[in-house]
Amino acid sequence: MVPTEIYIQAGAFSNVANAVRVSAALAQVGRATVAPKQVRNQVLYRVRFGPFSSVEEADRMLASIIQTGYPDARIVADQ
């Protein structure tokens, strides 16, 4: 299996507690990671799933996350 950089981002928050709360709320769907990312002069805490081995696999997970109540979740690809 070739590693990919395909992820689903459920949200990005300036407050780590909010990111942890969303990660816990999505635990029924799968294991999310909360990771800091410097964006301009601010640190955002991203709630992400993945990496996925294919776009199809990511699509299935995205549908589950949206059904759980996070319609703004999206597939992202790191470079």
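Numbering starts at 1 and runs along the sequence shown.
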Closest heavy-atom pair, A12 versus Q9, reported as atoms and distance to 0.1 Å, is CB-NE2, 3.7 Å
Review point. Do you reckon V22 sits in the same ILVMFWY cluster as V16, going by side-chain contacts under 4.5 Å, direct or chained?
Key: yes
Could you go through the side chain to side chain contact (heavy atoms under 4.5 Å, CB included) check for S14 and L44 one step at a time? CA-CA 5 Å; S14 58; L44 293 178; 4.3 Å; yes
Side chain to side chain contact (heavy atoms under 4.5 Å, CB included) filter on N15, not counting sequence neighbours, yields A17, N18
Residues pairing under salt bridge (charged side-chain N to carboxylate O under 4.0 Å, His left out) where one sits in residues 30-44, two or more places apart or in two chains, turn out to be none
Residue pairs meeting salt bridge (charged side-chain N to carboxylate O under 4.0 Å, His left out), one or both in residues 44-56, sequence neighbours left out, come to R48-D78
Let me check something: any side-chain donor-acceptor pairs from residues 57-75 under 3.5 Å, sequence neighbours excluded? List them with distances.
| unit_1 | atom_1 | unit_2 | atom_2 | d |
| --- | --- | --- | --- | --- |
| E57 | OE1 | S53 | N | 3.0 |
| E57 | OE1 | S53 | OG | 2.6 |
| S64 | OG | R60 | O | 3.4 |
| T68 | OG1 | S64 | O | 2.8 |

Report yes or no: do V55 and V76 belong to one cluster of Ile/Leu/Val/Met/Phe/Trp/Tyr joined by side chain heavy-atom distances under 4.5 Å? no
Taking every heavy atom of A10 against every heavy atom of F49, the minimum-distance pair comes out as CB-CE1, 4.4 Å
Applying side chain to side chain contact (heavy atoms under 4.5 Å, CB included) to A19 and not counting sequence neighbours gives F13, V34, Y45, V47
